[in-house]
Amino acid sequence: MKLYNTLSRKKELFEPLEPPFVGMYVCGPTVYNDPHIGNARPAVFFDVLYRYLQFLGYKVRYVRNITDVGHLTDDSDRGEDKIAKKAKLEQVEPMQIVNKYTNRYLAVMDKLNVLRPDIAPTATGHILEQIEFTQRILNENLAYVTNGSVYFDVHAYQQKYQYGELSGRILDELLANTRELDGQEEKRNPADFALWKKATPEHIMRWNSPWGEGFPGWHLECTVMSTKYLGTQFDIHGGGMDLMFPHHECEIAQARAANKGKPPVKYWLHNNMVTVNGQKMGKSLGNFITLEELLTGTHPLLQQAYSPMTIRFFILQAHYRSTLDFSNEALLAAQKAYKRLINGLRIVKKMQYPESQTTNLNEKAEGEIKQYLDTLFKAMNDDLNTALAIAQLFNLLKKINQFYLNPTQITAISQETFATMQYVFVTFIEQILGIQEENTAEVTKLIEALLHFYKEAKETKDYAKVDKIRAYFKENKLIIKDLKTGIDWAYDEA
RNA sequence: GGUCAAGUGGCCGAGCGGCUAGGCACGGGUCUGCAAAACCCUUUACAGCGGUUCGACUCCGCUCUUGACCUCCA
């Protein structure tokens with residue numbers, strides 16, 4: 001499998017440091033607000049990577065952090081902790097906020113069928129480790145203490161190692177373009193960043209440290225927790241493109257500073273951003289959509305609610321390194337496509353290869369199906385091109401529907417190819433893409449029962465009743481299919 | 001201003017130096033008590049201008065446009 005490594009700006013063959021084990025770390029959410037559509041993208045994408053690596057036989061340890069302390073908000077509340085700020089607004093304990101939004105994040109990710117990572121460490125749970133790590137960097141003389149705060153010395157680091165290797169930034173250019181911020185006077189250099197910040201009297205979240213009461217810097221937690229659980233060097237580090245600089249750049253610097261220059265990560269992966277109607281999503285732009293709003297259709301920009309699986313499918317229909325634009329039209333198209341795919345999934349699970357001896361093997365059909373299956377995995381192995389992979393599923397779906405309409409035609413392909421297609425189609429959708437039917441077995445049984453009455457009415461040519469039942473199905477987003485071979489139901493794609 | 005991406009048919013969205021992406025929408029047909037679904041057929045492309053090449057949507061240059069990062073952000 002090849003993956004695009006931001007470090008080299010190239011697709012590279014994926015070779016774990018210690019096969020069959022794979023260590024993967026992804027930057028998780030800052031839990032001070034409701035999860036938004038931008039949070040869904042990395043969660044879903046790296047979930048598919050996690051699933052696919054396991055499908056390929058790797059033993060993956062997946063770590064995704066919860067940031068519950070330490071990130072600055074913006075200039076107006078400089079130096080203030082996001083969580084603490086929110087806590088003041090809502091007059092509650094910071095940990096209450098953290099807990100609330102962590103729960104909400106996990107709940108919505110569960111809905112999106114995002115598997116929980118193997119380890120979900122929190123920044124507040126690793127204060128000691130962060131203090132120790134800061135000490136290690138101080139011991140290397142690559143950080144300095146000012147006024148109870150500890151800053152990373154980018155210039156000193158630059159003497160020994162290279163700063164900017166991930167983002168391609170040149171230190172001198174950075175310095176020329178840095179704008180004036182408060183608190184800069186404590187730094188020797190504007191490019192320096194905090195490892196430990198002294199807490200002001202009104203700051204609520206604070207811990208004791210060798211340098212006084214304070215809280216950890218903004219980039220430190222990821223370095224500390226990734227290396228704690230995955231080792232000094234590990235395979236994959238992921239996150240949104242916006243984290244490339246400065247966040248991930250600083251992570252590399254911190255890790256190398258503390259570990260004699262060892263680069264911490266072999267493959268850096270970054271997903272692209274989400275836009276709304278072609279614009280960057282931002283609170284100030286009024287197009288900020290939370291996942292809750294998307295699922296309930298309550299945002300003014302949304303015409304309707306979209307189901308969790310529609311959202312998941314929508315995200316995967318684009319390649320992860322392209323921007324993805326959320327619009328009603330695009331979401332609606334994804335909803336229809338998703339239902340079509342799921343209808344195919346229901347069909348293929350029930351399909352059986354005919355018993356009869358007479359075969360009418362068709363080289364062309366056989367070849368096409370093999371080609372689709374082949375391309376399916378080639379697409380995944382080429383930097384996880386889920387868009388191209390899904391296109392193959394639809395190609396297969398066309399064949400499956402043909403066989404469904406005309407079961408005797410199944411013998412156009414060999415039993416072996418049929419079995420492979422059936423297995424791959426189901427496994428790929430459910431296990432790798434993590435897309436599933438949004439329905440319970442109980443409901444399905446009720447649908448089947450009602451369909452039984454439809455069949456009876458049909459047999460007695462009671463068309464009034466037939467139409468009534470059909471209308472009832474339609475109301476409940478289901479359709480009845482009258483086929484030559486029998487009667488069946490499916491999800492309405494409208 | 002600096003750095004980096006991208007501009008594909010009505011919409012979304014892949015891809016490649018010559019061979020159908022796919023989804024949604026549109027049009028025609030098959031099937032049907034009437035439908036729906038499904039299937040079959042069909043239409044609309046690669047921002048502009050140059051260059052390299054036997055041949056470019058695909059490579060190079062310029063122009064225009066959009067976006068991201070440079071400051072918390074997935």
Side-chain angles (χ1 to χ4, degrees), chain A residues 9 26-30 32-33 35-46 67 70-75 77-78 80 82 164 167-170 173-174 176-179 181 218 238-247 270-275 278-283 313-314 317-319 321-338 340-341 343-344 347 375 379 382 385-395 397-402 404-406 458 461 463 466-467 470-471 473-474 478-484 488-494:
Chain A
R9 312 271 161 163
V26 174
C27 289
T30 304
Y32 72 108
N33 230 329
H36 52 81
I37 55 180
N39 292 118
R41 198 165 191 201
V44 168
F45 168 68
F46 288 105
T67 298
H71 284 211
L72 292 168
T73 48
D74 57 36
D75 325 35
D77 13 67
R78 62 204 177 255
E80 203 170 4
K82 258 182 188 170
S167 59
R169 281 176 213 253
I170 315 288
E173 285 178 4
L174 281 173
N177 287 306
T178 308
R179 72 176 175 171
L181 284 174
W218 321 299
M241 262 184 181
D242 50 347
L243 296 179
M244 219 162 91
F245 188 89
H247 187 58
H270 292 96
N271 62 274
N272 213 320
M273 301 290 99
V274 156
T275 56
Q279 264 197 317
K280 182 196 171 167
M281 187 177 74
K283 281 185 179 149
F313 178 85
F314 179 67
Q317 220 182 3
H319 185 80
R321 284 193 287 119
S322 301
T323 54
L324 176 63
D325 189 45
F326 274 71
S327 67
N328 277 294
E329 245 187 326
L331 283 164
L332 212 56
Q335 183 184 71
K336 293 189 180 188
Y338 158 69
R340 193 163 127 84
L341 195 65
N343 281 332
I347 287 167
T375 307
D382 184 15
N385 193 335
T386 52
L388 189 57
I390 287 173
Q392 306 317 308
L393 292 177
F394 279 99
N395 284 330
L397 177 61
K398 194 169 246 182
K399 295 287 179 198
I400 288 163
N401 279 327
Q402 283 171 13
Y404 174 59
L405 277 184
N406 215 331
K458 195 95 193 199
K461 294 195 193 297
Y463 290 121
V466 163
D467 290 342
R470 201 152 60 190
F473 267 65
K474 183 85 182 168
L478 299 169
I479 52 153
I480 289 175
K481 301 169 85 167
D482 286 310
L483 305 168
K484 273 184 184 167
D488 201 356
W489 65 276
Y491 295 101
D492 191 356
E493 287 163 22

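In this text, all values refer to a predicted model and were calculated from it rather than measured experimentally. Chain naming here is simple, since letters A, B, ... match the order of the sequence lines and numbering starts at 1 in each. Hydrogens, waters and symmetry mates are skipped; everything else that's a heavy atom, side chains included, is used.
- Of the C1' atoms belonging to B:rC12 and B:rG55, the separation is 31 Å, rounded to the nearest Å.
- No contact: A:His270 has no heavy atom under 4.0 Å from any strand.
- The ring pair (Phe, Tyr, Trp, His ring centres under 6.0 Å) check on A:Tyr404 picks up nothing, with sequence neighbours excluded.
- Applying the ring pair (Phe, Tyr, Trp, His ring centres under 6.0 Å) rule to A:Phe473 yields no partners; only residues at least two apart in sequence or on another chain are considered.
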_Per-nucleotide protein contact string for nucleotides 5-18 of chain B (B base, S sugar-phosphate only, - none; heavy atom under 4.0 Å)_ = ------SSSSS---
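- Note on A:Leu341: nothing from the nucleic acid sits closer than 4.0 angstrom, heavy atoms only.
- Among the atoms of the strands shown, only primed sugar atoms or phosphate atoms (P, OP1, OP2) are found under 4.0 Å from some heavy atom of A:Phe394.
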Could you list, one pair per line, each protein nitrogen or oxygen that sits under 3.5 Å from a nitrogen or oxygen of nucleotides 43-46 of chain B, together with the distance?
none

Atom pairs under 3.5 Å, N or O on each side, protein against nucleotides 25-31 of chain B: can you list them with distances?
unit_1, atom_1, unit_2, atom_2, d
B:rA25, OP1, A:Lys336, NZ, 2.7

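- In this model, a side-chain donor or acceptor of A:Asp467 finds a partner on the base of B:rG33 within 3.5 Å.
- A donor and an acceptor atom never sit less than 3.5 Å apart when one is taken from the side chain of A:Arg340 and the other from the base of B:rC24.
- Listed by chain and residue number, A:Asp492 satisfy the side chain to side chain donor-acceptor pair (under 3.5 Å) test with A:Lys474 (two or more places apart in sequence, or in another chain).
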For residues 329-338 of chain A, run the donor-acceptor check on the side chains, cut-off 3.5 Å, and write out each pair with its distance to 0.1 Å, sequence neighbours left out.
unit_1, atom_1, unit_2, atom_2, d
A:Tyr338, OH, A:Gln436, O, 2.7

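- At a threshold of 4.0 angstrom between heavy atoms, the contacts of A:Val466 include nucleobase atoms, whether or not backbone atoms are also involved.
- The residue A:Lys398 sits close only to the backbone: its heavy atoms come under 4.0 Å of sugar-phosphate atoms, none of a base.
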*Pairs counted as Watson-Crick or G-U wobble with both distances under 3.5 Å: what dot-bracket string results for RNA chain B, using | for bases tied to another strand?*
(((((((..(((.....[...)))..((((.......)))).....(((((..]....))))))))))))....
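- With sequence neighbours excluded, the residues satisfying salt bridge (Lys or Arg N to Asp or Glu O under 4.0 Å) with A:Asp482 are A:Lys458, A:Arg470.
- Judged as a side chain to side chain donor-acceptor pair (under 3.5 Å), and not counting sequence neighbours, A:Arg41 has no contacts.
- Remark: A:Phe46 engages no residue in a ring pair (Phe, Tyr, Trp, His ring centres under 6.0 Å) (not counting sequence neighbours).
- Residue A:Gly240 is in sugar-phosphate contact alone, with no base atom involved, counting any heavy-atom pair closer than 4.0 Å across all strands shown.
- For A:Thr30, a side-chain nitrogen or oxygen approaches OP1 or OP2 of B:rA74 to under 4.0 Å.
- Listed by chain and residue number, nothing satisfies the ring pair (Phe, Tyr, Trp, His ring centres under 6.0 Å) test with A:His319 (two or more places apart in sequence, or in another chain).
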